[in-house]
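So the structure is just underneath, and the comments pick up after that.
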Amino acid sequence: MNEQLMRIDEKIQAMATRLSRSLDSNMRRSFLPDSSKDLRRFSAAEAADLIGVSLDHLRKQFFNDKVEIQVETDSRGRRLFTAEQVNQTRHIIAQDSRAKKFQYLVPGRRQGDKLQIISVANFKGGAGKTTTAIHLAQKLALDGYRVLAIDLDPQGSLTTMFGLRPEIEFAETGTVYDAIRYEDPVPFRQIVRDTYFHNLDLAPAGLLLSEFETETAHALRHNLQPPFYQRLALCIAEVEADYDVVVIDCPPQLGFITLSALVASTGLLVTVVPSMLDVASMAQFLQLASSLMSTIADVGAAPDWDFMKFLVTRFEPNDGPQAQMAGFLRTMFGDDVLTQTFLKSSAVSDAGLTQQTLYEVNRSDFTRQTYDRAIESINGVVGEIERLIQAAWLRKEA
């Protein structure tokens, strides 16, 4: 058919099909032989850092046969740990009765600790929301927490970062929508899936999630139960015993899906790029959120957050206007702004080209200074959030 005579819907469909096939081909080339992702191994120095001990102490544990794990070595005899082996080593060292301080190396929930559910939200796209969510989830998993990542964005960006294709694999079923929909919902556990990342599971998203917005308007008119703001919380309660932390990537809008996440959460992380337009957008987000949360509070569903924090993302310290705007935010909100910032980095964007994060790529694939600067930034952010989690559990630092 002549392109000029092609209907616009047909043209858009043709473009979507061509792009989808190209992306699928690219992913297959990136993750041969079976198109699935796999996590790299970690050096002994990285493992020691993740566990929270010195490299010398880790080596002594192996030398004294305290850690009896068969770890792969490279051609130079250097140990290379899988994420699972890092966690096994963590637990072995932590159980050393002669070193009581090592009990702090296993940071997850203990008896009486409530599940921590952290929503990452913003009213505006491009604020580093998904990038923050996946790095947060992965680092918490590497640090020894049992983590569930929930993708609530119908675009499925977080799901895609796990090496999945929402528009192909979840075109009709298999997403969070199946569990929160009003007609014949399935048990939440059925849609939670293992990932290639040890200690990290995923509840994926897809375009069908957008149906929840339309269906909720109908459900409100007909008083369908349970109400929209309880449905996600009830789903998470089904699997609560399996996890220490839940990280939710919210859609870039304040609709029923995001509100259900906010009600279910114990903590809120609002990402903001330090520019006038983004800060103005965030002001609108806060205004609307306040109004909607007030309405929900009137029916007895006000969330009980342990913290609400702003995270400055895509930050360029040498950019004068950005530094000025970041300072403005700290003046306005004080301690409600995280001290650490997520720097804008080519290492993050370059890794994203193959749906990878800083924790998945090899340091040697980048300029050392660029990688170190970026990883130090996000490690600082996650470390600060970890302290908030531990504070919510009334833990004292070792």
Side-chain angles (χ1 to χ4, degrees), residues 37 115-143 145-164 166 175-176 192-193 195-197 199-206 209 232 236 243-254 257-258 260-262 264-273 278 282 285 305 307-315 338 340-345 348-349 351-352 355-360 374-375 377-386 388-389:
K37 295 183 69 174
L115 177 68
Q116 288 294 300
I117 306 169
I118 303 172
S119 282
V120 184
N122 192 287
F123 201 49
K124 189 175 183 294
K129 182 176 53 62
T130 299
T131 302
T132 298
I134 191 166
H135 280 89
L136 174 60
Q138 289 186 350
K139 183 58 162 63
L140 289 174
L142 289 172
D143 285 347
Y145 296 85
R146 299 170 303 160
V147 183
L148 171 63
I150 300 180
D151 191 355
L152 286 186
D153 189 344
Q155 297 180 75
S157 297
L158 183 71
T159 301
T160 301
M161 287 296 292
F162 279 94
L164 302 169
T175 70
V176 178
V192 173
R193 54 193 294 157
T195 73
Y196 58 93
F197 218 101
N199 268 351
L200 178 55
D201 293 343
L202 172 69
L209 254 176
L232 181 63
I236 295 174
Y243 303 102
D244 304 313
V245 182
V246 175
V247 177
I248 303 175
D249 185 26
C250 297
Q253 61 190 47
L254 202 50
I257 295 176
T258 300
S260 68
L262 299 185
S265 297
T266 61
L268 174 62
L269 190 63
V270 180
T271 59
V272 55
V273 177
D278 286 86
M282 188 183 73
F285 171 85
W305 293 339
F307 61 86
M308 172 184 173
K309 298 289 183 180
F310 297 97
L311 169 64
V312 176
T313 59
R314 300 178 62 82
F315 182 51
L338 290 182
Q340 300 291 326
T341 61
F342 197 154
L343 300 180
K344 182 177 182 179
S345 172
V348 176
S349 56
Q355 289 86 49
Q356 291 182 292
T357 69
L358 292 181
Y359 301 116
E360 297 175 81
I375 200 72
S377 166
I378 191 56
N379 283 348
V381 170
V382 178
E384 194 168 353
I385 295 172
E386 281 194 58
L388 292 171
I389 292 171

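Numbers here simply count residues along the sequence, with the first being 1.
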Partners passing side chain to side chain donor-acceptor pair (under 3.5 Å) against [X] (at least two apart in sequence or in another chain):
X	value
T175	none
T357	Q138, E360
D249	K129, T130
S265	S119

Is the closest side-chain heavy-atom distance between [X] and [Y] below 4.5 Å?
X	Y	result
L338	I385	yes
I134	Y359	no
I378	K139	no
I117	I248	yes
L140	V382	yes
V348	L358	yes

Measure across [X] and [Y] and return the closest heavy-atom pair with its distance rounded to 0.1 Å.
X	Y	answer
P154	P251	CD-CB, 4.1 Å
Q355	T160	CG-O, 3.6 Å
D153	A205	O-CB, 3.2 Å
I257	L209	CD1-O, 3.4 Å
G128	T132	O-OG1, 2.7 Å
T341	S377	O-OG, 2.7 Å

Only counting residues at least two apart or in another chain, list the ones meeting side-chain contact (heavy atoms from CB on, under 4.5 Å) with [X].
X	result
D201	L148, V192, D194, Y243
A121	C250, L268, F285
A149	A137, L158, F162, L200, L202

(request) Quick one: list whatever passes salt bridge (Lys or Arg N to Asp or Glu O under 4.0 Å) with E386, sequence neighbours left out. (result) none
(message) Taking salt bridge (Lys or Arg N to Asp or Glu O under 4.0 Å) as the definition, give me every residue that meets it alongside D278, ordered by chain and number, with sequence neighbours left out.
(response) K124
(request) Measure the spacing between OG1 of T271 and CZ of R314 and express it to the nearest 0.5 Å. (result) 10.5 Å
(request) Rounded to the nearest 0.5 Å, what's the gap from CD1 on I118 to NZ on K309? Could you check? (result) 12.0 Å
(message) Tell me if a side-chain donor or acceptor on Q116 pairs with a main-chain N or O of I389 at a distance below 3.5 Å.
(response) no
(message) I'd like to know if the side chain of N122 and the backbone of P252 have a donor-acceptor N/O pair within less than 3.5 Å.
(response) no
(message) Suppose we screen for ring-ring contact (aromatic ring centres under 6.0 Å, His included). Which residues come up paired with F310, at least two apart in sequence or across chains?
(response) F333
(message) Among residues at least two apart in sequence or on other chains, which ones pass ring-ring contact (aromatic ring centres under 6.0 Å, His included) with F342?
(response) H135
(message) If we check side-chain contact (heavy atoms from CB on, under 4.5 Å) with D151, which of these qualifies: L164, T159, V176?
(response) T159
(message) Within the supplied structure, the quantity of interest is the number of heavy atoms (other residues, nucleotides, ligands) at a distance under 6.0 Å from Q155 CD; does it exceed 12?
(response) no
